[in-house]
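Sequential numbering from 1 along the given sequence is applied to the chain's residues.
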Amino acid sequence: MLDIYVKKAIIHSFDPGQEDLDFSEDLLDLTPSLLDYVSKKVEKVYTDKAKRGELSAENNFLALIGSDFLQTSKEIANLWQEEYRLAEEPRLSDLLFVEFEKDAVNHFAFMRMALRENFSHLVENQSITIKRTQKSLPGAGSPADEALIINLSSRRYHLIEKRIKYNGKTYNYLSENLLADSPDLSIDHAIKAIKKTAHAVAGEFNKDDFEFSSKVQNLVYSSIEENQSLDPENLADQFFSDNLSARLEFKDNLKEILPERVDFSEIPSQGLEKKLSNQKLSLSNGIELMVPQSLYDDVNSVEFIQEEDGSYSILIKNIEEIKNKW
């Protein structure tokens with residue numbers, strides 16, 4: 001749970017069929033339920049899906065964030081609209097701006113939430129009818145479609161963005177055009193890049209089997225759990241401890257995608273650890289197994305045996321009870 005204190009919030013509306021934004025002139029009345037909604041939207045940005053970076057002190061976008069929250073929200077909304085309207089299929093959306101404190105530091109947030117078509121019931125004259133609405137906000141548990149949060153002290157930011165298609169090409173319009181910055185890979189993409197590169201290199205040296213896959217998963221999980229970071233140099237030494245050529249190739253290939261260590265500052269690692277906490281094995285006979293990392297290397301719990309013909313047997317030990325999950 002993040003320590004977030006929402007101070008102000010306002011919402012503006014974008015309709016691709018209209019030339020101008022529909023601006024609100026009043027801040028949102030942050031009732032307990034609405035405060036909870038806004039806070040959860042902010043928390044959803046601090047995930048492994050977010051790209052991260054740091055804006056320069058001279059950044060033009062950063063200069064738009066002034067002391068007048070209402071005016072700031074309008075200026076940024078107008079700037080955003082100029083870029084987003086170029087998309088081939090812009091979505092009807094609400095733009096949520098939030099001023100909040102996290103760990104006693106001021107932050108600024110901008111979020112785009114695409115409106116959904118939904119159905120609600122309408123009671124009239126003791127009769128209930130179903131009415132379609134095309135302007136329903138996503139639920140509190142859903143992340144915003146796009147979001148930007150800036151720490152106003154450190155200028156560090158978290159960004160969730162979607163590419164738009166324009167003139168046959170796709171653009172990361174938020175980072176490229178609005179922020180004019182190149183954020184780091186999200187942690188989610190960094191992990192995928194590490195795994196993909198490791199398997200590609202292992203394949204070249206005929207080492208890409210299930211044991212290597214399990215080793216990669218285990219080492220990534222351990223690094224996150226113990227160090228709260230992923231260090232390509234350290235992982236290379238562990239993935240390919242007995243092969244110098246493979247180690248060097250892994251480092252060189254990954255450096256183009258992930259030039260330095262990835263740390264988890266301001267990103268809760270519990271969700272990541274949960275994602276990686278099980279080894280999921282799919283066997284050729286159709287059986288699927290999910291083995292907790294804590295038991296995977298425990299020979300008293302599970303043992304992988306390679307037979308003389310090259311096939312494998314899996315021995316699961318010390319089972320006190322078996323339940324059938326429906």
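Taking CD1 of I150 as the reference point, atom CZ of R156 lies at 12.0 Å (rounded to 0.5 Å). For the atom pair L219 CG and S241 OG, the distance stands at 9.0 Å (nearest 0.5 Å). Here the OG1 atom belonging to T170 is positioned 8.0 Å from the NZ atom belonging to K165, to the nearest 0.5 angstrom. One distance of note links OG of S175 with CG of D181; it measures 8.0 Å at 0.5 Å rounding. One finds the CD1 atom of I10 at 7.0 Å from the CG atom of L28 (value rounded to the nearest 0.5 Å). I257 CD1 to T197 OG1: the interatomic distance, rounded to the nearest 0.5 Å, is 4.0 Å.
Residues I187 and I191 form a side-chain contact, since some pair of their non-hydrogen atoms from C-beta on lies under 4.5 Å apart. With contacts defined as side-chain heavy-atom distances shorter than 4.5 Å, the pair L95/S13 does not qualify. Counting heavy atoms from C-beta outward, K41 and S142 have side chains that approach closer than 4.5 Å. A 4.5 Å side-chain heavy-atom check between N106 and E101 finds at least one atom pair inside the cut-off. Between I65 and I76, some side-chain heavy-atom pair lies under the 4.5 Å cut-off. Looking at heavy atoms from C-beta onward, E99 lies out of side-chain contact with H107 at the 4.5 angstrom threshold. Residues L295 and P292 are in side-chain contact: their nearest non-hydrogen atoms beyond the backbone lie under 4.5 Å apart. I4 has its side chain within reach of E43: a pair of non-hydrogen atoms, C-beta onward, lies under 4.5 Å apart.
Geometric assessment of K74 against the ring of F23 yields a positive cation-pi assignment under the 6.0 Å and 45° thresholds.
The 12-atom threshold is exceeded at CG of N78, counting heavy atoms of other residues, nucleotides or ligands nearer than 6.0 Å. Counting heavy atoms of neighbouring residues, nucleotides and ligands inside a 6.0 Å radius, atom NZ of K196 does not exceed 12 of them. The number of heavy atoms from other shown groups lying within 6.0 Å of OH (Y166) does not exceed 12. In Q306, the CD atom is crowded: over 12 heavy atoms of neighbouring residues, nucleotides or ligands sit closer than 6.0 Å.
The closest side-chain donor-acceptor pair between N172 and K162, if any, does not fall under 3.5 angstrom. For the residue pair S313/E307, the side-chain donor-acceptor check at 3.5 Å is satisfied. A donor-acceptor contact closer than 3.5 angstrom links the side chains of Q217 and K195. A side-chain N or O of D309 and one of S311 form a donor-acceptor pair less than 3.5 Å apart.
In this structure, the side chain of D22 does not engage the main chain of F14 through any donor-acceptor pair within 3.5 Å. For the pair K215 (side chain) and F239 (backbone), a donor-acceptor distance under 3.5 Å is present.
Put simply, L152 and F100 are part of two different groups of oily side chains (I, L, V, M, F, W, Y) that touch within less than 4.5 Å, one to the next. Linking ILVMFWY residues whenever their side-chain heavy atoms come closer than 4.5 Å, directly or via other members, leaves Y157 and V105 in distinct clusters. Grouping the Ile, Leu, Val, Met, Phe, Trp and Tyr side chains by contacts below 4.5 angstrom, directly or via other members, places Y173 with L55. Hydrophobic clustering, with ILVMFWY side chains joined whenever heavy atoms are under 4.5 angstrom apart, groups I319 together with L289. Residues L21 and L27 are members of one and the same hydrophobic cluster, defined by side-chain heavy-atom contacts under 4.5 angstrom among Ile, Leu, Val, Met, Phe, Trp and Tyr.
Aromatic ring centroids of F97 and F69 lie 6.0 Å or more apart. Ring to ring, F240 and F212 are close: their centroids are under 6.0 angstrom apart.
Salt-bridge check for R247 with D237: passed, with a basic side-chain N closer than 4.0 Å to an acidic carboxylate O. Electrostatic pairing of K49 and D188 counts as a salt bridge here, judged by a charged N lying under 4.0 Å from a carboxylate O. Note on E288 versus K280: no salt bridge recorded, every NZ/NE/NH1/NH2 to OD/OE distance being 4.0 Å or above.
Residues that satisfy the ring-ring contact (aromatic ring centres under 6.0 Å, His included) test with Y37, not counting sequence neighbours, are absent from this structure. Legend: residues meeting ring-ring contact (aromatic ring centres under 6.0 Å, His included) with F304, ordered by chain and number and at least two apart, are F210, Y296.
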Next on the checklist: Would K317 and E303 count as a salt bridge (charged side-chain N to carboxylate O under 4.0 Å, His left out) here? Give the steps.
Outcome noted: CA-CA 8 Å; K317 310 174 185 178; E303 185 177 356; 2.8 Å; yes
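Contact detail for A9 and L96: the closest heavy-atom pair is CB-CD1, 4.4 Å. A pairwise comparison of heavy atoms in L70 and E25 identifies CD2-O, 3.8 Å as the closest pair.
H12 pairs in a side chain to side chain donor-acceptor pair (under 3.5 Å) with only one of the listed residues (S24, S73, S93), which is S73.
Counting only residues at least two apart or on different chains, no salt bridge (charged side-chain N to carboxylate O under 4.0 Å, His left out) pair has a member in residues 76-90.
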